[in-house]
Amino acid sequence: MRIIHCAPFNIITKTGGALYANPIKISKGLIQNNHFVHNFDYRDTSRYMSFFRNKKSGQKKMNEFFRMLVDDISPELIIFGHAELISEETFEYIKKKKIRMIFWYNDIPLQNHFKNIAHYFDFILTTAGGDFISNIKRYNENTFFLPNLVDENIEKYYAYEKRKFENDVLFTGRHDKEREALIKYLEKNINRDINLKFVGHNKQSVLIGEQYLKILANSKICINHNRDFTIKYEWYTSDRLFHILGNGSFALSTRIINGEDFFEDKLEYYESYEELVSKINYFMHNEEERIAKSMWLRKRVHDLFNSKRVSKYILSLDSNDLKDLKTYEWYR
């Protein structure tokens with residue numbers, strides 16, 4: 001099957017730095033399932049189409065270019081990720097050609113434009129479940145859960161095999177007031193003999209691409225802190241957790257509603273800053289338990305959420321292959 005995947009691949013803005021992003025892994029999985037996939041980065045194309053390299057001012061030309069691409073490739077399926085710059089005129093153009101359309105979304109909250117375009121898609125996928133899916137179903141009944149993906153050629157490390165680490169504790173994440181409060185608490189309350197590293201909280205500390213993956217694998221304990229407004233949705237977590245677990249690193253995470261559906265009792269949660277510090281102290285000195293959980297979780301995420309399997313799930317939704325769909329732990 002010929003597929004166009006229209007998503008934010010960050011080909012120019014991050015060059016190779018986005019190699020671990022979900023769009024890359026979805027396309028890789030589709031190819032592993034023996035399909036032709038043309039990746040179209042609508043955001044970077046919009047920037048390129050603008051004299052001032054501004055994606056908004058290049059939006060019209062990008063949509064014109066994309067419609068030409070659709071004519072040239074003549075795909076059976078177009079998969080959209082986020083797609084906030086794709087015009088309704090373009091969706092109408094594709095719909096008239098009777099090309100199937102899928103939309104995926106891996107963020108919270110929903111973007112405003114979504115309500116106006118949801119009806120165009122054959123189905124919608126989102127990385128948050130429960131009430132979040134129920135809300136989306138008001139606009140498109142065919143809405144399903146999409147797990148974050150891992151890939152053996154991207155999340156390639158086995159951090160639990162290391163005996164010496166550059167960092168004892170690593171916290172990665174963009175700056176906001178909630179994360180700032182966590183950083184201040186850790187700086188004040190973590191034992192001075194514990195080597196604590198923060199990444200991404202300012203421009204100087206941002207790491208992408210292989211540098212980011214390496215520092216995960218070179219940290220004894222990695223913190224996955226989902227912001228408060230996201231943790232009320234079933235199964236939702238940042239894809240950061242999958243980068244951590246997929247590389248065999250040990251994670252301490254904010255609680256994931258019904259996370260035991262996938263992780264049983266192996267993923268360690270914290271529900272307060274005090275509990276986080278307590279668990280950091282515990283797992284710094286309980287290496288055998290930390291390694292055993294890291295080993296189990298690395299295998300688990302690669303077995304359940306590898307790019308080939310998750311992309312096959314997307315294809316089975318497209319073909320309504322109920323026999324195959326029933327094999328996925330998250331399908332409802």
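Keep in mind that this is a model prediction, so the values were computed, not measured. Note that these values count all heavy atoms, side chains included, but never hydrogens, waters or copies made by symmetry.
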(message) Looking at Phe114, I'd like to know if its CZ atom is crowded, meaning that more than 12 non-hydrogen atoms belonging to other residues, nucleotides or ligands lie closer than 6.0 Å.
(response) yes
(message) Is it true that Ser205 and Asn202 share a donor-acceptor pair across their side chains at a distance under 3.5 Å?
(response) yes
(request) Say whether Asp122 and Asn142, considering side chains only, have a donor N or O and an acceptor N or O under 3.5 Å apart. (result) no
(request) Using only heavy-atom distances, determine whether the side chains of Ser307 and Asp151 contain a donor-acceptor pair under 3.5 Å. (result) yes
(message) If I compare all heavy atoms of Tyr236 with all of Ala128, which pair ends up nearest, and what's the gap?
(response) CD1-CB, 3.8 Å
(message) Same cluster or not: Leu207 versus Ile244, using hydrophobic residues (I, L, V, M, F, W, Y) connected whenever any side-chain heavy atoms lie under 4.5 Å apart?
(response) yes
(request) Indicate whether the side chain of Tyr93 and that of Asp71 have a donor and an acceptor atom separated by less than 3.5 Å. (result) yes
(message) Is it the case that the side chains of Glu275 and Tyr269 hold a donor-acceptor pair, with the cut-off being a distance below 3.5 Å and no angle test?
(response) no
(request) Calculate, to the nearest 0.5 Å, the distance between atoms CG and CD1 belonging to Leu241 and Ile223 respectively. (result) 13.0 Å
(message) Using the rule given for side-chain contact (heavy atoms from CB on, under 4.5 Å), can you reason through Met62 versus Ile86, listing the C-alpha separation, both sets of side-chain angles and the distance that settles it, and then say yes or no?
(response) CA-CA 8 Å; Met62 177 275 292; Ile86 304 301; 3.9 Å; yes
(message) Within the structure provided, determine whether Leu186 and Tyr273 are in side-chain contact (heavy-atom separation under 4.5 Å).
(response) no
(request) Report yes or no: do Asn39 and Ser27 form a side-chain donor-acceptor pair below 3.5 Å? (result) yes
(request) Give a yes or no on whether a salt bridge exists between Glu92 and Lys96, defined as a side-chain N under 4.0 angstrom from a carboxylate O. (result) no
(message) Salt bridge or not between Arg43 and Glu84? Use side-chain N to carboxylate O under 4.0 Å.
(response) yes
(request) Kindly work out whether a path of hydrophobic side-chain contacts (I/L/V/M/F/W/Y, heavy atoms less than 4.5 Å apart) joins Ile31 to Leu315. (result) yes
(message) Which heavy atom of Gly58 sits nearest to which heavy atom of Ser50, and what is that distance?
(response) N-CB, 3.7 Å
(message) Tell me whether Glu89 is salt-bridged to Lys60, with the criterion being a basic N under 4.0 Å from an acidic carboxylate O.
(response) no
(message) Working to the nearest 0.5 angstrom, can you tell me the gap between Lys162 NZ and Tyr157 OH?
(response) 9.5 Å
(message) With a 4.5 Å cut-off on side-chain heavy atoms, are Arg2 and His38 touching?
(response) no
(message) Evaluate Asn140 against Thr143 for side-chain hydrogen bond (donor to acceptor under 3.5 Å, both in side chains), listing each step before the verdict.
(response) CA-CA 6 Å; Asn140 189 320; Thr143 300; 4.7 Å; no
(request) First locate atom CZ of Phe171, then atom CG of Asn224, and finally report the distance between them rounded to the nearest 0.5 Å. (result) 9.0 Å
(request) For the pair Asn10 (side chain) and Ala18 (backbone), establish whether a donor and an acceptor sit closer than 3.5 Å, ignoring hydrogens and angles. (result) no
(request) Report the relative orientation of the aromatic rings in Phe250 and Phe283; use parallel for angles under 30°, tilted for 30 to 60°, perpendicular for over 60°. (result) tilted
(message) Show the nearest heavy-atom pair for residues Asn247 and Ile154, with the distance to one decimal.
(response) OD1-O, 4.3 Å
(request) For residues Phe242 and Glu155, report the shortest heavy-atom separation together with the two atoms involved. (result) O-CG, 4.0 Å
(request) Enter the distance from Thr237:OG1 to Ile257:CD1 here, rounded to the nearest 0.5 Å. (result) 12.0 Å
(message) Quick check on the hydrophobic clustering: are Tyr120 and Tyr42 connected, directly or via other members, by side-chain heavy-atom contacts under 4.5 Å?
(response) yes
(message) Closer than 3.5 angstrom, by distance alone: can the side chain of Thr127 be matched with the main-chain N or O of Asn148 as a donor-acceptor pair?
(response) no
(message) Applying side-chain contact (heavy atoms from CB on, under 4.5 Å) to Ile133 and Phe144, what does each step give before you reach the verdict?
(response) CA-CA 7 Å; Ile133 285 180; Phe144 303 91; 5.7 Å; no
(request) Verify the neighbour count for atom CZ of Arg53: are there more than 12 heavy atoms of other residues, nucleotides or ligands below 6.0 Å? (result) yes
(message) Side-chain heavy atoms nearer than 4.5 Å, only ILVMFWY residues, links allowed to pass through others: does that put Phe123 and Leu30 together?
(response) yes
(request) For Ile221 and Arg290, run side-chain contact (heavy atoms from CB on, under 4.5 Å): C-alpha distance rounded to whole Å, both residues' side-chain angles, the deciding distance at 0.1 Å, then the answer. (result) CA-CA 9 Å; Ile221 297 172; Arg290 190 185 75 241; 4.2 Å; yes
(message) Are the side chains of Glu260 and Asp265 in contact, using a 4.5 Å heavy-atom criterion?
(response) no
(request) Step through it carefully: locate the ring centre of Phe132, locate the ring centre of Trp235, and say whether they are under 6.0 Å apart. (result) no
(message) Closer than 4.0 angstrom, basic N to acidic O: yes or no for Asp303 and Arg300?
(response) no
(message) For His201 and Glu180, which I'm curious about, is there any donor-acceptor pair between the side chains at under 3.5 Å?
(response) no
(request) Give me the ring orientation class for His225 and Tyr270: parallel if the planes are under 30° apart, tilted from 30 to 60°, perpendicular past 60°. (result) parallel
(request) Indicate the atoms forming the closest heavy-atom contact of Gly248 with Ala159, along with that distance. (result) O-CB, 3.4 Å
(message) When you measure from the side chain of Lys197 to the backbone of Asn167, do you find a donor-acceptor pair of N or O atoms at a distance under 3.5 Å?
(response) no
(request) Determine yes or no for a side-chain-to-main-chain donor-acceptor pair under 3.5 angstrom, with Asn195 supplying the side chain and Glu166 the backbone. (result) yes
(request) Only one of Phe40, Trp104, Phe91 passes ring-ring contact (aromatic ring centres under 6.0 Å, His included) with Phe80; say which it is. (result) Phe91
(message) Please evaluate residues Gln59 and Asn63 with respect to the criterion side-chain contact (heavy atoms from CB on, under 4.5 Å), reporting the C-alpha separation (whole Å), side-chain torsions for both, the decisive distance (0.1 Å), and the verdict.
(response) CA-CA 6 Å; Gln59 182 176 2; Asn63 275 275; 3.7 Å; yes
(request) Answer yes if the side chains of Tyr328 and Asp324 hold a donor-acceptor pair under 3.5 Å, and no otherwise. (result) yes
(request) Might you confirm whether atom CD of Glu329 has over 12 heavy atoms from other residues, nucleotides or ligands at distances under 6.0 Å? (result) yes
(request) Check the surroundings of atom NZ in Lys214: do more than 12 heavy atoms from other residues, nucleotides or ligands lie under 6.0 Å from it? (result) no
(message) For a quick check under 3.5 Å, do Asn226 and Ser238 share a side-chain donor-acceptor pair by atom type?
(response) no
(message) With a 6.0 Å cut-off (strictly less than), is the heavy-atom count around NE2 of His119, excluding the residue itself, greater than 12?
(response) yes
(request) Give a yes or no on whether Lys266 atom NZ has more than 12 heavy-atom contacts from other residues, nucleotides or ligands under 6.0 Å away. (result) yes
(message) So Arg240 and Tyr212, do their side chains get closer than 4.5 Å, heavy atoms only?
(response) yes
(request) Indicate, with yes or no, if Ile79 and Leu317 share a hydrophobic cluster defined by side-chain heavy-atom contacts under 4.5 Å among Ile, Leu, Val, Met, Phe, Trp and Tyr. (result) yes
(request) Compare all side-chain heavy atoms of Leu182 with those of Leu276 and state whether any distance is below 4.5 angstrom. (result) yes
(message) Does atom CZ (Phe229) have a neighbourhood of more than 12 heavy atoms from anything else shown, all under 6.0 Å?
(response) yes
(request) Any chance you could measure Phe65, atom CZ, to Asp72, atom CG, to the nearest 0.5 Å? (result) 8.5 Å
(message) With rounding to the nearest 0.5 angstrom, report the NZ to OG1 distance, Lys232 to Thr230.
(response) 9.5 Å
(request) Identify the heavy atoms of Ile24 and Leu19 that sit nearest to each other, and give their distance. (result) CG2-O, 3.6 Å
(message) Under 6.0 Å from the ring centre and within 45 degrees of the ring axis: does the NZ or CZ of Arg298 meet both conditions for the six-membered ring of Tyr158?
(response) yes
(request) Using a strict cut-off of less than 4.0 Å between a Lys/Arg side-chain nitrogen and an Asp/Glu carboxylate oxygen, indicate whether Lys308 and Glu152 qualify as a salt bridge. (result) no
(request) Flag the pair Tyr105 / His82 as yes when their ring centroid distance falls below 6.0 Å, and as no otherwise. (result) yes
